[in-house]
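Reviewing the structure listed below.
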Amino acid sequence: MDSKSNLLFALTFIFISSHISTTQVDAQSLLLRKEKVTYLHFFLHDIISGSNPTAVLVAKPNNTNVGSGNPTPFGSVFAIDDPLTDGPELSSNVIGNAQGFYVSSSQDKLTLVLAVDFGFTTEEFNGSSISVFSRNPVLENDRELAIVGGRGKFRLARGFAKLHTYSLNGTNGDAIIEYNVTVFHYE
Ligand SMILES: *[C@@H]1O[C@H](CO)[C@@H](O)[C@H](O)[C@H]1NC(C)=O
Ligand SMILES: *[C@@H]1O[C@H](CO)[C@@H](O)[C@H](O)[C@H]1NC(C)=O
Ligand SMILES: *[C@@H]1O[C@H](CO)[C@@H](O)[C@H](O)[C@H]1NC(C)=O
Ligand SMILES: *[C@@H]1O[C@H](CO)[C@@H](O)[C@H](O)[C@H]1NC(C)=O
């Protein structure tokens, strides 16, 4: 480049820079940060039974031949607002809630596909959340979910959650699930 085009280049750059929005500044500052890893440990309470369910059936197929007789037959869709606690009891400290839905997705082995936002309401991650979109073979005692994004301090998150069934009532579907989450994020 000669000095003239250098100058043009610089001026163009200054022009573009001065038009960078705050969103772009946010993105730039994220780029400069080092990725960090956070481990989260909590219990999710998915309560289908009783008068205060945290998971409600919103649709199911007319033909329930597959999986009929179990609380989540193939094709059924549940909306959830499940409390997350720091211990296994429902009376333990609530640290957030899991909101979204799951669909019973397998014709043979009971599996749910989750589309759920896990939002936290205490301490460092108050107001932040992680997004899970993953299949969940609930009858396997230990399983894994994919974390595909997040909000707040978990912007651009990715990671995985190891799940362990703490308790499951096969009759009414109520479950307490232990989560060990490994999340990579920047803020
Ligand atoms: C299911 O669908 C069939 C055929 O469309 C209909 O005859 C039947 O009444 C439906 N059953 C229920 C429970 O809605
Ligand atoms: C979490 O954040 C909300 C909104 O900023 C605030 O009202 C609430 O007091 C915070 N909770 C805790 C436990 O810090
Ligand atoms: C989660 O981590 C705790 C503590 O390290 C461990 O005792 C527990 O077995 C783990 N559970 C799962 C589901 O990975
Ligand atoms: C499982 O659910 C059934 C039906 O609601 C109930 O009768 C039973 O007591 C529950 N079992 C446990 C261990 O809570």
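If you're wondering where the values come from, they're calculated on a predicted model, not measured in any experiment. Ligands are counted one by one from 1 in listed order, and the atoms in each one are counted from 1 as well.
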Checklist entry - Considering only heavy atoms of N169, which atoms of ligand 4 have at least one such atom less than 4.0 Å away? => result 1 (C), 2 (O), 3 (C), 8 (C), 10 (C), 11 (N), 12 (C), 14 (O)
Next on the checklist: Regarding D81 and T54, do their side chains bring together a donor and an acceptor under 3.5 Å, going by distance alone?
Outcome noted: no
Item to check | Side-chain H-bond candidate by donor/acceptor type, S129 with R151, under 3.5 Å | outcome: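 A donor-acceptor contact under 3.5 Å links the two side chains.
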Next on the checklist: For E187, run the salt bridge (Lys or Arg N to Asp or Glu O under 4.0 Å) check against K34, K153, R155 and tell me which one passes.
Outcome noted: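 Considering K34, K153, R155, a salt bridge (Lys or Arg N to Asp or Glu O under 4.0 Å) with E187 is found only for R155.
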[atom] within contact range, any protein heavy atom under 4.0 Å:
atom	answer
atom 5 (O) of ligand 2	no
atom 12 (C) of ligand 2	yes
atom 9 (O) of ligand 3	no

Item to check | Enclosure of R143 CZ (heavy-atom neighbours >12, cutoff 6.0 Å) | outcome: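 Yes, CZ of R143 has more than 12 neighbouring heavy atoms, counting only those of other groups under 6.0 Å.
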Checklist entry - Looking only at distance, does N172 have an N or O less than 3.5 Å from an N or O of ligand 4? => result yes
Checklist entry - If you measure from CG on N136 to CG on L112, what distance do you get to the nearest 0.5 Å? => result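 Separation between the atoms: 5.5 Å.
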Checklist entry - Which of the atoms of ligand 3 are close to H164, meaning less than 4.0 Å from one of its heavy atoms? => result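 With H164 as reference, the close atoms of ligand 3 come out as 13 (C).
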Checklist entry - Given the side-chain rings of F125 and F154, with only the six-membered ring counted for Trp, is the space between their centroids under 6.0 Å? => result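 Close enough - the centres of the two rings lie under 6.0 Å apart.
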Checklist entry - Of all the atoms in ligand 2, which lie at a distance below 4.0 Å from a heavy atom belonging to T121? => result 11 (N), 12 (C), 13 (C)
Can you pull out the closest protein heavy atom to [atom]? Residue, atom name and distance to 0.1 Å, please.
atom	value
atom 2 (O) of ligand 2	N126 ND2, 2.4 Å
atom 7 (O) of ligand 3	E178 OE2, 4.9 Å
atom 1 (C) of ligand 3	N180 ND2, 1.4 Å

Item to check | L44, V138, L145 screened by side-chain contact (heavy atoms from CB on, under 4.5 Å) with L163, the one that passes | outcome: L145
Checklist entry - Looking at T72 and S76, what are the two nearest heavy atoms and their distance? => result C-OG, 3.5 Å
Checklist entry - So, is E123 polar-close to ligand 2, with some N/O to N/O distance under 3.5 Å? => result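 Among all N and O atoms of E123, none is under 3.5 Å from an N or O of ligand 2.
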